[in-house]
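Structure, as structure tokens:
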Number of protein chains: 2
Amino acid sequence: MNEDLTSPGNTPHSLPSRRRLHMTDIARLAGVSASTVSRALNGSPLISDETRIRIAELARSLNYTVHTAARNLRSGNNRTIAVVVPYQTPTRQHISDPFFLGMLGSLADSLTDQGYDMLLSRVDAEHLVEAAQLYESGRVAGIILIGQWHHHDQLNELAVKNIPLAVWGALLPRQLYCTVGSDNLEGGKLATGHLLESGRRRIAFFGDIAFPEVAQRYQGYLQAHQQFGLQPPSELLVKTPFLAAGVREIVTYLLIHKHGFDAVFACSDLLAMTVISTLGKHGLAIPHDVAVVGYDDIALSEYFPPSLSTVRQPLEKGGQMLVNILLQQLAGTQRPQSVVLPTQLIVRESSQLD
Amino acid sequence: MNEDLTSPGNTPHSLPSRRRLHMTDIARLAGVSASTVSRALNGSPLISDETRIRIAELARSLNYTVHTAARNLRSGNNRTIAVVVPYQTPTRQHISDPFFLGMLGSLADSLTDQGYDMLLSRVDAEHLVEAAQLYESGRVAGIILIGQWHHHDQLNELAVKNIPLAVWGALLPRQLYCTVGSDNLEGGKLATGHLLESGRRRIAFFGDIAFPEVAQRYQGYLQAHQQFGLQPPSELLVKTPFLAAGVREIVTYLLIHKHGFDAVFACSDLLAMTVISTLGKHGLAIPHDVAVVGYDDIALSEYFPPSLSTVRQPLEKGGQMLVNILLQQLAGTQRPQSVVLPTQLIVRESSQLD
DNA sequence: ATGCAGATTGCAATCGATTGCATAATTAGG
DNA sequence: CCTAATTATGCAATCGATTGCAATCTGCAT
């Protein structure tokens, strides 16, 4: 029971630094075989409770942890999930949207709760298929992708390869992969309806409808107008670039060319904040001259001056559902249903009635 | 050369779904042994160029990837690094500071460049030592920790265990682990000096000096005052809570109790924004009544109204250095030097002279 | 033709765990 | 006291790659 693990041992040229603990070491100290230790630690019913407890305590006291690669190799069970965040090729810039951080945090928690590790990986948005390698090399058991962008086809390709996959994004027709997302149509309707009810009539839509999620929010924007018997003028659909600097120019352009608007529905809070900042520079008062509604409800929105009205996406729930849906794929054979989560309109100062 | 890989093969009860490709499959198709394939793919000089190229192309065309767990097990080389983000026990709340996202992005890029995978892991800040398991189970080759907080002792414990470790934070006395961080003292001096030069004399310091990084910035704040022959009043050292809501109350309390101040140095941009927002609610004008300087220079700072003066931390460089320092530990035996990166004062509207 | 150096390639052991099957220990029944 | 049934444990093969050493091949000089 008191053997010295730091003694030379098998290796002829033993190093001064102590060797990592192996299962056979535990076995020797417990006076059993490695098989028994393995079964005890994995809770096999073949092992008596007394032995199981004795081994478990021994392992804990020695701070022993099973070697993950070995277990993975032999058992074929991999408890790692890749979370893939695509980046845009030209800029390769970092995602700076706090919404992503929130999602990452939520995913990290959910995965940990389920006993999974999270491998964070950035891949070129133009070559999403490369993410397949993470799965095909046995590196991970499945993939969660944040940022559907306009890569519907590539995602379908991944799904065809039978790779367990869950995507945060919009539900699209002829979609072979599973998505979790907020109800973008409803969100767009809520935001726009709120602005219309406040009496605004020239509402600019800021966002790039090449992205499915944004396109659906735009549909909501259109439907809300229809319900009021209105038809929004096309020049108020403003395609925004990724970079905040570009957004400034766009806003300035609109103002100079007198494409007057009395409200803005921006498809992310970050975008809304940039717009507000720029409008302020041009001497316009928010919400008096222009009312603004964003999307996401990031933490800062409440503390931005003026506090930002927005459509809240259920972040916590979203992360949980992504993990759930992925684990369902790992467990069963049938593909689970995609999930559309409800959104909520949060009215704050930036769109308050005067 | 045209054998059918989807045919039953070795397994008697072969499944309909096609089996994962093995190195032996590549070997068979190339008419060589698995050893040769392994060496070819790993660029061993024992293999002739012609064979190497032929095998490499075959592998690529079949979309073959080496099984990571098997390689890891046999070769002992693990190309995964854990990035650990501690969370505070009581709230278990997500980090919402965009600075973290920036750091994660930078780390992800640097690690990818060096051919490493990134395992993102949240651990209880009170039990940081648990992070050791990631290393001891062979899960990762080393650990990068973001958020030193006040867990100096726990980090030293990890270092004693000889775990390759790099920490984003402050350089402290009797420190056994390596840190990378910005020059907090200098940063604090820069920000405070700038405010003093602008003629401000009652500068409130917002932050919790229980955290080493914040304490150093506070030292810089004090030194700047000394250089002006001034002594800041103690009631202007404001210990801030984590939650933004709490910050509002604090600011309100200060104003009610007439602890007058004409400037604020906040130890993060997010904090500065909350303070500005609250001061605005109380009818104070920024920077006319109160000048504000933050810390970090997150992306939004430029677009916040008023745009935020701040001390920029070199994020990109920080991530790179963290990775470098960790890889140095993996390569050599001696512990590399900790790194202190220069900071830069960015003056914007929130502290501009009237 | 033979021998030999140098360049390639294959054989088989190995990494650290898991697991099917055989064996040992225990208990119960006759 | 012996045998069968039951329970607990150990043996040895295995997961998919890597690598030391032996074997083969090639070309060239003898």
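A note on names: the letters A, B, ... follow the listed sequences, proteins ahead of strands, and every chain is numbered from 1. Keep in mind the model is a prediction, meaning the values are calculated, not measured.
Taking only distance into account, the side chain of B:Arg20 never meets the base of D:dG16 through a donor-acceptor pair shorter than 3.5 Å.
Using a 4.0 Å heavy-atom criterion, one finds that B:Ser48 contacts the sugar-phosphate atoms exclusively. Here B:Asn72 lies out of heavy-atom contact (under 4.0 Å) with every strand. Nucleic acid contact class of B:Thr36 (heavy atoms, under 4.0 Å, all strands): sugar-phosphate only. Among the protein residues, B:Thr51 comes within range of the sugar-phosphate backbone only, with heavy atoms under 4.0 Å from sugar or phosphate atoms but none that close to a base. Across all strands, B:Thr68 comes closer than 4.0 Å to no nucleic acid atom at all (heavy-atom distances).
Ion pairing of A:Lys161 with A:Glu157 is absent here, as no side-chain N (NZ or NE/NH1/NH2) approaches a carboxylate O to less than 4.0 Å. Under the 4.0 Å criterion applied to side-chain N and carboxylate O atoms, B:Asp117 and B:Arg79 are not assigned as salt-bridge partners.
Side chain of B:Leu46, nearest nucleotide from C:dA17, C:dT8, D:dG16: C:dT8. Across C:dT8, D:dT14, D:dA12, the shortest atom-to-atom separation from the side chain of A:Arg74 is found for D:dT14. Distance from the side chain of B:Ser75 is smallest to D:dT18 among D:dT18, D:dC21, C:dT18.
Under 3.5 Å, the side chains of B:Ser35 and B:Ser38 contain no donor-acceptor pair of N or O atoms.
Proximity of B:Tyr64 to the phosphate of D:dA17: a side-chain N or O atom is located under 4.0 Å from OP1 or OP2.
When each of A:Ser35 and B:Ala69 is assigned the nucleotide of DNA chain D with its nearest heavy atom, A:Ser35 is the one assigned upstream, toward the 5' end.
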